Number of protein chains: 2
Amino acid sequence: MTTVNTIDVEKGSMVLKLLGDKTRLTIVSLLMYDECCVCELVEILEMSQPSVSQHMKKLKAAEIVKERRQGQWIFYRINNESEVYPLVKSIMTHFPEQREKIKGLELKGLRVCCN
Amino acid sequence: MTTVNTIDVEKGSMVLKLLGDKTRLTIVSLLMYDECCVCELVEILEMSQPSVSQHMKKLKAAEIVKERRQGQWIFYRINNESEVYPLVKSIMTHFPEQREKIKGLELKGLRVCCN
DNA sequence: TGATTATATAAGTGGTTGCTTATATAATAT
DNA sequence: ATATTATATAAGCAACCACTTATATAATCA
């Protein structure tokens, strides 16, 4: 039998509330596949930049994502060291992959690449 | 590798939003252990009856729970035939069991028993 | 039948949320 | 230095949400 470390209701319900928004759920779904910067998310979600930034701020505060600055871009990725990561991960297995949306960005030449 | 049937973002985010409320998360957590009627939940949660009823209405509308009338009581239980049940179930494994709260009710003689 | 018990519903309200527009900060390029 | 690009923050606002109180519905009991 598999044993899972439990999260307290307070913290867990906050994670669920945050993922209970279609936009944020899609963002996290995208980030499960690869890290993204804000401007890529703006493009994919067809939303305003401030709106996306505000969502990222909430996801970061809940330790669902981490950020990394690279030049003028800030890349967000899933925080897989977080206490809430196991919960986030097992939730996301129930949603379709968003890979093709990122592929679509690449085809349009809008992917931010900086290595 | 384990394959999971995916849920669309629309439906899934609704489930997450509903479970993103501390009260409802606790209710579902309780129901994972055993069915309960409204008056039991009122006792355990120390909330008003209309408030609990309104939460149950939402959980039922999202097919997270089912109801069963027995005399004057209405018992709610997890809807394990629902499309969203796999998601609900895997979320709930991350939260502590609520068994002792139901045990507490029994000790106080407040458990509704009707067989 | 009338009283009691369990539950649901309706209406009102204060707090929260997700967007908008405007502006600030910060890195890069010319 | 100045302009451009990327991101964050602030303020305002309409929609939503979880509670409250009051009332309705429904089953049981005396």
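Keep in mind it's a predicted model, so treat the numbers as computed, not measured. Protein chains get the first letters and strands the later ones, always in sequence-line order, with residue 1 at the start of each. Side chains are part of it too, since the values below use all heavy atoms of this structure and drop only hydrogens, waters and symmetry mates.
In terms of the salt bridge (Lys or Arg N to Asp or Glu O under 4.0 Å) criterion, A:Lys17 has no residue partners (sequence neighbours excluded). B:Asp34 meets the side chain to side chain contact (heavy atoms under 4.5 Å, CB included) test with B:Ile102, B:Arg111; sequence neighbours excluded. Remark: B:Glu100 pairs with no residue by the side-chain hydrogen bond (donor to acceptor under 3.5 Å, both in side chains) rule, at least two apart or across chains. Shown here are the side-chain hydrogen bond (donor to acceptor under 3.5 Å, both in side chains) partners of B:Lys101, two or more places apart in sequence or in another chain: B:Gln98. Under the rule for a side-chain hydrogen bond (donor to acceptor under 3.5 Å, both in side chains), the partners of A:Lys60 that lie at least two apart in sequence or sit in another chain are A:Glu67. For B:Lys11, the salt bridge (Lys or Arg N to Asp or Glu O under 4.0 Å) partners two or more places apart in sequence, or in a different chain, are B:Glu83. By the side-chain hydrogen bond (donor to acceptor under 3.5 Å, both in side chains) test, A:Glu46 is found to be paired with no residue, residues two or more places apart in sequence or in another chain being considered.
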Per-pair distances, 0.1 Å, donor-acceptor, side chain in residues 48-55 of chain B, under 3.5 Å, sequence neighbours excluded:
| residue | atom | partner | partner atom | Å |
| --- | --- | --- | --- | --- |
| B:Ser48 | OG | B:Ser51 | N | 3.3 |
| B:Gln49 | NE2 | B:Ser53 | OG | 3.2 |
| B:His55 | ND1 | B:Arg24 | NH1 | 3.1 |

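Residue pairs satisfying the side chain to side chain donor-acceptor pair (under 3.5 Å) criterion with at least one member in residues 87-97 of chain B, sequence neighbours excluded, are listed as follows: A:Ser90-B:His94, A:His94-B:Ser90, B:Glu97-B:Arg99.
What separates CZ of B:Arg24 from C1' of D:dC19 is a distance of 12 Å, to the nearest Å. The CD-P distance, from B:Glu35 to C:dT7, rounds to 12 Å in whole Å. The interatomic distance linking B:Phe75 (CZ) with C:dT7 (P) rounds to 8 Å, in whole Å. Taking atom CD of A:Glu67 as the reference point, atom P of D:dT7 lies 11 Å away to the nearest angstrom. Between B:Ile74 atom CD1 and C:dT9 atom C1' there is a gap of 13 Å when expressed in whole angstrom units. Computed from coordinates, the A:Gln70 CD to C:dA27 C1' distance equals 13 Å when rounded to whole Å.
Shortest non-hydrogen contact noted between A:Phe95 and B:Asp8 is CE2-O, 3.9 Å.
Residues from residues 12-23 of chain A with heavy atoms under 4.0 angstrom of DNA chain C, sorted by number: A:Lys17, A:Asp21, A:Thr23. The stretch residues 44-63 of chain A comes close to DNA chain D through A:Gln49, A:Pro50, A:Ser53, A:Gln54, A:Lys57, each having a heavy atom under 4.0 Å from the strand.
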Table of protein N/O atoms under 3.5 Å from nucleotides 1-5 of chain C N/O atoms:
| residue | atom | partner | partner atom | Å |
| --- | --- | --- | --- | --- |
| C:dT5 | O2 | B:Gln72 | OE1 | 3.4 |

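B:Arg68 places no side-chain N or O within 3.5 Å of a backbone atom of B:Gln70 that could act as its donor or acceptor partner.
The phosphate of D:dA6 has neither OP1 nor OP2 within less than 4.0 Å of any side-chain N or O from A:Tyr76.
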